[in-house]
Amino acid sequence: MKKVLITAASNANAYQLAYHLPHHEILFADTEGQKIIIPDGNKSSFAHELLSLCLDLDITLVFPLKLSEQKALAEAKVLFEEYGISLALPDLIQAQKIHQLKHLHSELSIPYETVVDFASFSKAILALGYPEKKIAISQYEGIGDLIIIKDDVKNDFFNGLKFMPFTLAAKVLNQNPFTKIHVYPLHGNMQAVRFIKLAEDFVCLNLISDELKELIQSLTTNLSLFGFYELFYCEDKIIRLNLVTVL
């Protein structure tokens, strides 16, 4: 039985992940409030301190859920592997492929517009058919929620979907400095799917069609994915694929 460390233990994502790893011994860690305390991911010595902890506790697999931890450990995968410890996240090359999914697998992906200022945002969503058509936005690096801009729909938290009226989105985005975003046109219903990919295991957390499951498994193979991921999907097209991340 592998001994697994999951960080961000104060966040519900950590327990959702642990629930779907029943054949592993799970240890939880966070910067405070837990039996196992780890440093903040922004600390310069974070990777080395975490490695020392893993060696002391005989941990062989780590799921770093916080963004700062993922960034700090992306360059340390080889170091951890030298000690027999797997980090459940892509290396720098794999992360770049995920970020460029639109270009690498254009036939599977929904094209998007990259918006660099508020004026461009307003023009982009109008050009894509808003308000008659649904529009989704996400942070440029694929971090955080993917939000649907629509004025007459309530949030569907059970399906992992979040909605925001245009007036609120405009208020949030019309700030200095403007945060670069992607804008996606949606044609049909969007679905959020979470899955875990380990060396020999593939676990889907949602009920999905066999066709979508085959697509995800194909992507995990082509991109050599390893970790806890979330995929947004709409009418046979991928909107976004990213690690599940706690900000």
Side-chain angles (χ1 to χ4, degrees), residues 13 16-17 20 88-90 93-115 121 123-166 169 180-198 201-245:
N13 287 312
Q16 182 188 46
L17 172 60
H20 289 88
L89 77 170
I93 296 176
Q94 292 166 334
Q96 188 67 15
K97 288 181 178 179
I98 294 170
H99 191 57
Q100 295 182 348
L101 193 63
K102 168 186 174 181
H103 307 292
L104 295 174
H105 297 278
S106 58
E107 75 284 359
L108 299 176
S109 304
I110 289 179
Y112 56 79
E113 298 288 337
T114 301
V115 173
F121 166 69
K123 292 178 181 178
I125 67 168
L126 290 173
L128 291 172
Y130 178 85
E132 287 76 19
K133 296 181 180 179
K134 289 188 291 186
I135 304 296
I137 62 173
S138 77
Q139 197 267 358
Y140 173 72
E141 294 181 314
I143 301 163
D145 294 321
L146 190 146
I147 299 172
I148 299 173
I149 304 299
K150 207 168 190 301
D151 295 325
D152 58 352
V153 180
K154 295 181 180 180
N155 287 326
D156 189 354
F157 293 109
F158 294 106
N159 288 323
L161 303 182
K162 294 186 178 180
F163 297 84
M164 182 181 291
F166 173 77
K180 193 187 320 185
I181 61 172
H182 288 323
V183 181
Y184 307 84
L186 301 181
H187 304 284
N189 295 321
M190 187 173 75
Q191 186 175 5
V193 180
R194 287 189 169 189
F195 62 91
I196 304 164
K197 179 63 176 73
L198 301 179
D201 298 313
F202 174 83
V203 180
C204 187
L205 280 58
N206 309 79
L207 290 175
I208 59 175
S209 66
D210 291 338
E211 292 80 7
L212 180 52
K213 188 173 183 179
E214 288 177 7
L215 171 62
I216 295 174
Q217 289 179 309
S218 176
L219 273 178
T220 63
T221 300
N222 292 338
L223 298 174
S224 301
L225 298 184
F226 188 81
F228 184 26
Y229 288 87
E230 184 168 51
L231 179 141
F232 290 92
Y233 185 79
C234 182
E235 300 298 314
D236 300 326
K237 295 286 186 178
I238 297 168
I239 304 173
R240 192 182 80 178
L241 171 66
N242 56 275
L243 274 177
V244 173
T245 303

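For the single chain, residues carry numbers from 1 onward in sequence order. Keep in mind the model is a prediction, meaning the values are calculated, not measured.
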> Hey, which of Leu223, Asn222, Ile216 is the one that makes side-chain contact (heavy atoms from CB on, under 4.5 Å) with Thr220?
Replying inline: Ile216

>> Testing Gln139, Met190, His182, Lys162 one by one against Leu146 for a side-chain contact (heavy atoms from CB on, under 4.5 Å), which residue passes?
In response: Met190

>> Under the criterion side-chain contact (heavy atoms from CB on, under 4.5 Å), I'd like the reasoning laid out for Lys180 against Thr114: C-alpha separation, chi angles, the key distance, then a yes or no.
In response: CA-CA 7 Å; Lys180 193 187 320 185; Thr114 301; 3.6 Å; yes

If you look at every heavy atom in [X] and [Y], which pair is closest and at what distance?
{"X": "Thr245", "Y": "Leu243", "value": "OG1-O, 3.1 Å"}
{"X": "Leu186", "Y": "Ala136", "value": "CD1-CB, 3.9 Å"}
{"X": "Pro185", "Y": "Pro111", "value": "CD-O, 3.3 Å"}
{"X": "Ile147", "Y": "Met164", "value": "CG2-CB, 3.5 Å"}
{"X": "Cys204", "Y": "Val193", "value": "SG-CG1, 3.7 Å"}
{"X": "Tyr233", "Y": "Leu231", "value": "CB-CD2, 3.5 Å"}

> Any side-chain heavy atom of Val183 within less than 4.5 Å of one from Leu128?
Replying inline: yes

[atom1]/[X] to [atom2]/[Y] distance, rounded to the nearest 0.5 angstrom?
{"X": "Leu108", "Y": "Ile238", "atom1": "CG", "atom2": "CD1", "answer": "5.0 Å"}
{"X": "Ile196", "Y": "His20", "atom1": "CD1", "atom2": "NE2", "answer": "6.5 Å"}
{"X": "Leu207", "Y": "Lys213", "atom1": "CG", "atom2": "NZ", "answer": "10.0 Å"}
{"X": "Tyr184", "Y": "Ile135", "atom1": "OH", "atom2": "CD1", "answer": "12.5 Å"}
{"X": "Cys234", "Y": "Ile148", "atom1": "SG", "atom2": "CD1", "answer": "8.0 Å"}
{"X": "Arg240", "Y": "Glu230", "atom1": "CZ", "atom2": "CD", "answer": "7.0 Å"}

> Would you find more than 12 non-hydrogen atoms of other residues, nucleotides or ligands less than 6.0 Å from Lys237 atom NZ?
Replying inline: yes

> Within a radius of less than 6.0 Å around CG of Asn189, do more than 12 heavy atoms belonging to other residues, nucleotides or ligands occur?
Replying inline: no

> Who pairs with Ser224 by side chain to side chain donor-acceptor pair (under 3.5 Å), at least two apart in sequence or on another chain?
Replying inline: none

> In chain order, what residues pass the side chain to side chain donor-acceptor pair (under 3.5 Å) check against Gln16, with sequence neighbours excluded?
Replying inline: Arg194

>> I'd like to know whether Lys133 forms a side-chain contact (heavy atoms from CB on, under 4.5 Å) with His187, so could you lay out the CA-CA distance, the side-chain angles of the two residues, the decisive distance to 0.1 Å, and finally the verdict.
In response: CA-CA 8 Å; Lys133 296 181 180 179; His187 304 284; 4.3 Å; yes

> Would Leu225 and Phe202 satisfy side-chain contact (heavy atoms from CB on, under 4.5 Å), going step by step from the backbone distance to the final call?
Replying inline: CA-CA 10 Å; Leu225 298 184; Phe202 174 83; over 6 Å; no

>> Apply side-chain contact (heavy atoms from CB on, under 4.5 Å) to residues Gln191 and Leu212 and explain how you reach the verdict.
In response: CA-CA 11 Å; Gln191 186 175 5; Leu212 180 52; 3.9 Å; yes

> Should the ring pair Tyr229 and Phe195 be called parallel, tilted or perpendicular, given that the plane angle runs from 0 to 90° and is split at 30 and 60?
Replying inline: parallel

> Once the angle between the rings of Phe166 and Phe121 is folded into 0 to 90°, is it parallel (under 30°), tilted (30 to 60°) or perpendicular (over 60°)?
Replying inline: parallel

